[in-house]
Amino acid sequence: MEFAELHGWCMTPRQAIALQKALAHRVCTESRLPQNLRHVAGVDVSFRRGDSLFHAAVVVVDLADMACVEAVCAAIEIRFPYVPGLLSFRELPVVLEAFRKLRSTPDAVLVDGQGIAHPRRLGLASHLGLWLGLPTVGCAKSRLCGEHPPPGRRRGERVPLVLDGTVVGTVLTTRDGIRPLYVSPGHMMDVPGAAELVLACTGRYRLPEPIRRAHQCANEARQRARSDINSPFH
DNA sequence: GCGACAG
DNA sequence: ATCTTGTCGC
């Protein structure tokens with residue numbers, strides 16, 4: 001199976017699973033981060049219950065001062081239902097559409113979802129990494145699979161996330177006294193590097209700054225589209 | 001068969 | 001993810 005087969009996105013869950021197994025072999029779990037890491041992107045997707053549109057945003061920030069370098073968003077129709085383990089088939093089309101509009105190329109991409117901490121080692125972050133050929137990190141707010149002891153409650157404390165006897169990620173506390181994040185390499189990234197990058201992008205909030213901004217950006221785009229229905233002029 | 005289950 | 005108001009706490 002080739003990437004081209006994804007163009008239609010008209011797959012059955014069974015076909016999607018077969019494709020994941022094939023693509024998982026292409027994922028690189030060694031760090032390919034540049035020495036001078038400067039521009040980190042965050043991606044997020046937003047949708048509304050009674051609507052059939054997905055909105056995605058990509059925000060690139062400068063790691064030195066968290067200043068926004070570039071921000072874009074896109075909107076397309078939903079083409080796939082939510083199925084745990086098949087999230088990329090639902091969200092990747094709109095995410096790729098947003099990246100198509102991006103003019104700059106980030107050094108790394110933080111994704112709202114899992115990387116290789118996935119039943120077939122191909123979470124949304126890994127799948128996106130393959131498409132983009134860029135280092136990606138999966139940064140999920142809850143667990144999809146794998147086991148771990150409870151991590152410490154202080155910022156920076158972490159425990160390994162183990163799946164089938166393999167460490168596939170890090171359960172990382174990003175703020176004192178809050179629920180941890182499930183951080184795993186997406187593509188061109190290793191387990192320790194993924195956790196360090198997330199920590200480097202996280203300040204006074206639970207989620208890393210690039211993802212927070214993308215989340216905000218995608219929501220604003222969705223609400224603008226919503227209001228345009230009632231007042232298309234303006 | 002039952003429970004788990006990113007967003 | 002989204003539906004939703006106020007509310008308890010640092």
Side-chain angles (χ1 to χ4, degrees), chain A residues 9 13 16-17 19-20 23-24 27 42-58 73-98 109-130 136-148 153-155 161-164 168-187 189 191 194-195 198 203-208 210-212 214-223 225-226:
Chain A
W9 294 99
I17 287 171
L19 181 54
Q20 286 181 329
L23 292 181
V27 171
V43 198
D44 194 40
V45 174
S46 164
F47 72 98
R48 179 178 283 277
R49 183 175 255 229
D51 200 347
S52 58
L53 275 184
F54 265 13
H55 285 80
V58 180
C73 54
I76 64 173
E77 296 288 317
I78 297 171
R79 298 178 182 182
F80 201 89
Y82 172 68
V83 180
L86 302 181
L87 183 63
S88 64
F89 295 88
R90 181 170 169 84
E91 297 201 342
L92 213 37
V94 69
V95 168
L96 292 173
E97 183 63 20
V109 183
L110 302 185
V111 182
D112 200 338
Q114 313 286 353
I116 62 171
H118 178 277
R120 291 164 295 279
R121 307 297 202 274
L122 199 84
L124 175 59
S126 300
H127 204 158
L128 177 63
L130 287 177
T136 57
V137 174
C139 190
K141 297 180 292 298
S142 60
R143 188 192 72 97
L144 174 61
C145 58
E147 302 80 43
H148 65 90
R153 289 182 164 68
R154 315 268 275 192
R155 169 177 166 88
L161 178 63
V162 177
L163 179 61
D164 301 325
V168 293
T170 306
V171 184
L172 176 67
T173 300
T174 56
R175 283 189 61 194
D176 291 357
I178 60 160
R179 281 190 309 154
L181 255 31
Y182 290 77
V183 180
S184 58
H187 184 46
M189 185 76 64
V191 169
V198 166
R204 81 172 277 215
Y205 298 97
R206 182 184 181 219
L207 293 175
I211 290 184
R212 285 190 64 245
H215 186 73
Q216 180 178 8
C217 194
N219 276 330
E220 290 170 356
R222 176 167 61 69
Q223 313 219 343
R226 177 73 176 151

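The sequence lines fix the lettering, A, B, ..., with proteins before strands; numbering per chain opens at 1. These numbers were taken from a predicted model, which means no experiment stands behind them.
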- Kindly say if S142(A) contacts the phosphate of dC5(B), meaning a side-chain N or O under 4.0 Å from OP1 or OP2. no

- State whether the aromatic ring of Y82(A) stacks on the base of dG7(B), taking stacking to mean ring centres under 5.5 Å apart and ring planes under 30° to each other. yes

- Under 4.0 Å between a side-chain N or O of K141(A) and OP1 or OP2 of dA6(B)? no

- Hey, does L86(A) reach any base, or is it just sugar-phosphate, or nothing, if we go heavy atoms under 4.0 Å? base

- Output, in order, the C-alpha distance, side-chain angles, deciding distance and verdict of side-chain contact (heavy atoms from CB on, under 4.5 Å) for H118(A) and L144(A). CA-CA 7 Å; H118(A) 178 277; L144(A) 174 61; 3.9 Å; yes

- Item | Closest to side chain of R143(A), choosing from dC5(B), dA1(C), dC3(C) | dC5(B)

- Item | Rounded distance (Å) that lies between atom P of dC5(B) and atom CG of L124(A) | 19 Å

- Euclidean distance, atom CG of residue L144(A) to atom P of dA1(C) [Å, nearest integer]: 15 Å

- Taking only N and O in the side chain of R90(A), is any of them less than 4.0 Å away from OP1 or OP2 of dA1(C)? no

- What is the distance from CZ of R120(A) to P of dA6(B), rounded to the nearest Å? 13 Å

- In whole Å, what is the span from the CZ atom of R206(A) to the P atom of dA6(B)? 13 Å

- Query: OP1 or OP2 of dT2(C) sitting under 4.0 Å from any side-chain N/O of N219(A)?
  - Reply: yes

- Whole angstrom value for the distance that separates C1' of dG7(B) from CD of Q114(A): 10 Å

- Query: Roughly how many Å is it from CD in Q223(A) to C1' in dA1(C), rounded to a whole number?
  - Reply: 14 Å

- Here the distance between atom C1' of dG7(B) and atom CD1 of I78(A), to the nearest Å, is 12 Å

- Have a look at G138(A) and say if it touches a base, only the backbone sugar-phosphate, or nothing, with a 4.0 Å heavy-atom cut-off. nothing

- Query: Taking F54(A) as the fixed residue, which of R90(A), E77(A), E97(A) is the one that meets the side chain to side chain contact (heavy atoms under 4.5 Å, CB included) rule?
  - Reply: R90(A)

- Does Y182(A) put a side-chain nitrogen or oxygen below 4.0 Å from OP1 or OP2 of dA6(B)? no

- Message: Please determine whether a side-chain nitrogen or oxygen atom of S46(A) lies at a distance below 4.0 Å from atom OP1 or OP2 of dA1(C).
- Response: no

- Message: So, OP1 or OP2 of dT2(C): does either fall under 4.0 Å of a side-chain N or O from R222(A)?
- Response: yes

- Message: Of the listed nucleotides (dG7(B), dA1(C), dC3(C)), which one gets closest to any side-chain atom of R48(A)?
- Response: dC3(C)

- Does V171(A) reach the side chain of R143(A), with side-chain heavy atoms less than 4.5 Å apart? no

- Task: Provide, to the nearest angstrom, the distance between the CZ atom belonging to F89(A) and the P atom belonging to dA6(B).
- Result: 17 Å

- Heavy-atom check, side chain of P81(A) versus side chain of L86(A), under 4.5 Å: no

- Between I116(A) and M189(A), is a side-chain contact (heavy atoms from CB on, under 4.5 Å) present by the stated rule, with each step listed? CA-CA 10 Å; I116(A) 62 171; M189(A) 185 76 64; over 6 Å; no

